[in-house]
Protein chains: 2
Amino acid sequence: MRDADSGTLAEQLFHSLTEAILLGELAPGTKISEPILAQRYGVSRGPLREALHRLQERRLIVRSANHGARVIVPTPQMLASIFAVRETLEGLAAKEAATLMSDDELAALADGVRCHERELQGSEAGRHNALGKADEDFHFRIAQASQNPLLIDLLCNQLYPLLRLYRSRNDNSSLRKRALTEHQRVLSALRDHDPEMAELAMKRHIASAKARRTMALQSGSDLDPETEKI
Amino acid sequence: MRDADSGTLAEQLFHSLTEAILLGELAPGTKISEPILAQRYGVSRGPLREALHRLQERRLIVRSANHGARVIVPTPQMLASIFAVRETLEGLAAKEAATLMSDDELAALADGVRCHERELQGSEAGRHNALGKADEDFHFRIAQASQNPLLIDLLCNQLYPLLRLYRSRNDNSSLRKRALTEHQRVLSALRDHDPEMAELAMKRHIASAKARRTMALQSGSDLDPETEKI
DNA sequence: GTAGACATATGTGTTGACAGAATAACCGAA
DNA sequence: TTCGGTTATTCTGTCAACACATATGTCTAC
């Protein structure tokens, strides 16, 4: 699992900064000052700049010459773009997975769905993280099962992280139940090794998730346009 | 069109190295020595390393800690992965373009196709480049017409460049004629503003192109496994 | 003759410092 | 008071040098 060079400062910075952006510690629109950020992480500007160049390719920051870098600001348009691409790509993943998944992989996926179900019926405390993990785990497993390295990379390393920028805090359990039902439907199609059904079920699930996410984004709407500077 | 920072050395190096890799000047599997490459391009190692980190994210080189970077080696498996992803993404682009394309954009696209047609009937000399350009232009225009920034970036900046690694020298005109026919079919669907038909026509075209490319790859098979070192 | 260990050398990772550009602050005039 | 110009400072881009890890080559022991 050691991704390329895991020991270098640039690599650690790349992952730390990715997490910081996705967790909101580096707020959207934040102007990134290389000296300040380097001092905060206790490193020199060299490795930091290398990490920033990678973040640029991952679309997490935007850079312009002699003007510095800014954390990307999520927009409804970009959310729509992500979901449109995600719908087709995850549909493809489900289609491929339907023919490729082994019994062991199917069992593991079913375990995850059952775990998801239990979480939903469980107590209120600490559900959000567990449910979020369960959902991510479901899609992650299916992407892996496609055995398409490019598809896996696009989904797991580019789209899923980007989506975390839009994660909302307020989602009720009725929507969660709906998601679980859709997961079960996808799982059923995968068990039947039915590519077309799996693709369609997954595409419908993503479209449904898009509607939920968009709704939550509008109700929450905690976008602060002030471009704070670290 | 100025992509981010166009004036910096790191940016120029990024584009130069991208071209060098896609043109084969930096052969697949080549071990990249930072001092040597920096000297060749007349720059320091700083900007070069920043460019290399971006190339890593673009999947054009692979890096491992304290071992340096190597130019990616194209494999039939990766070609299959690219085409599988490309088929769905270009299908999506065509579907979106069918409802969004203006009359002007359609006219420009039709012009391109007619130009493509003339090139096919023209003389032998210098057809390859013109035909390759015409083909790329066709897909490029449709991607742009989707008005989906993420989709445009994935296709134009990531998949199309990667495909150039597999470009073959030997392709006969009968295959070219087939491609033109498929282009005309996609154009026809776009003119009718028929999303489903456009998507299907484009997906079939990509699948057909995959077959052509795979065939050419097997017949050509000019893969040299020796990992030369610059 | 071969295997293992040591020494050399090349290369990557990192740092600090310098030059040019852009932003910010300041001052003066209308 | 406000607008324009000028100065000063901060920041980005770039470079050269240092430290450490890895690879290479040689030498000795078996």
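Residue numbers start from 1 in every chain, and the chains themselves are labelled A, B, ... in the order their sequence lines are given, proteins ahead of strands. None of the values given here were measured: they were computed from a predicted structure.
Among the nucleotides D/dG13, D/dT22, D/dT12, the one closest to any side-chain atom of B/Thr8 is D/dG13. Of the candidates C/dT12, C/dG13, C/dA21, the closest approach to any side-chain atom of B/Lys31 belongs to C/dT12. Closest to the A/Ala10 side chain, of the nucleotides C/dG13, C/dT14, D/dT12, is C/dT14.
Atom C1' of nucleotide D/dG13 and atom CD of B/Gln12 are separated by 12 Å, given to the nearest angstrom. Rounded to whole Å, the distance from CZ on B/Arg70 to C1' on D/dA23 is 13 Å. In this structure, A/Asn66 places its CG atom 7 Å from C1' of C/dA22, rounding to the nearest Å. Protein atom CD of B/Glu11 is 16 Å distant from nucleotide atom C1' of D/dT14, rounded to whole Å. Rounded to whole Å, atom P of D/dG13 lies 15 Å from atom CZ of B/Phe14. Nucleotide D/dG13 holds its C1' atom 9 Å from the NE2 atom of A/His53, rounded to whole Å. For the pair B/Arg49 CZ and D/dA16 P, the interatomic distance rounds to 16 Å; values are reported in whole Å. Computed from coordinates, the B/Leu13 CG to D/dT14 P distance equals 9 Å when rounded to whole Å.
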Under 3.5 Å, N/O pairs linking protein and nucleotides 15-18 of chain C:
| from | atom 1 | to | atom 2 | distance (Å) |
| --- | --- | --- | --- | --- |
| C/dT15 | OP2 | A/Ser44 | N | 3.0 |

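Among residue pairs with one or both ends in residues 142-166 of chain B, those qualifying as salt bridge (Lys or Arg N to Asp or Glu O under 4.0 Å) are A/Arg59-B/Asp153, B/Glu19-B/Arg164; sequence neighbours excluded. Residue pairs meeting the salt bridge (Lys or Arg N to Asp or Glu O under 4.0 Å) criterion with at least one member in residues 84-108 of chain B, sequence neighbours excluded: B/Arg86-B/Glu90.
No donor-acceptor contact under 3.5 angstrom links the side chains of B/Asp137 and B/His116, judged on distance only.
Not one side-chain nitrogen or oxygen of B/His67 sits closer than 4.0 Å to the OP1 or OP2 atom of C/dG11. A close approach under 4.0 Å does occur between a side-chain nitrogen or oxygen of A/Arg63 and OP1 or OP2 of D/dG13.
For B/Gln39, the CD atom sits in a loose shell: 12 or fewer heavy atoms of surrounding residues, nucleotides or ligands are nearer than 6.0 Å.
Not one N or O on the side chain of B/Arg54 forms a donor-acceptor pair closer than 3.5 Å with the backbone of A/His53.
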How far apart are the C-alpha atoms of A/Met78 and A/Tyr166, what are their side-chain angles, what is the distance that settles it, and do they pass the side chain to side chain contact (heavy atoms under 4.5 Å, CB included) test? CA-CA 10 Å; A/Met78 186 52 76; A/Tyr166 296 89; 3.4 Å; yes
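Closest heavy-atom contact between B/Ser146 and B/Leu151: OG-CD2, 3.7 Å.
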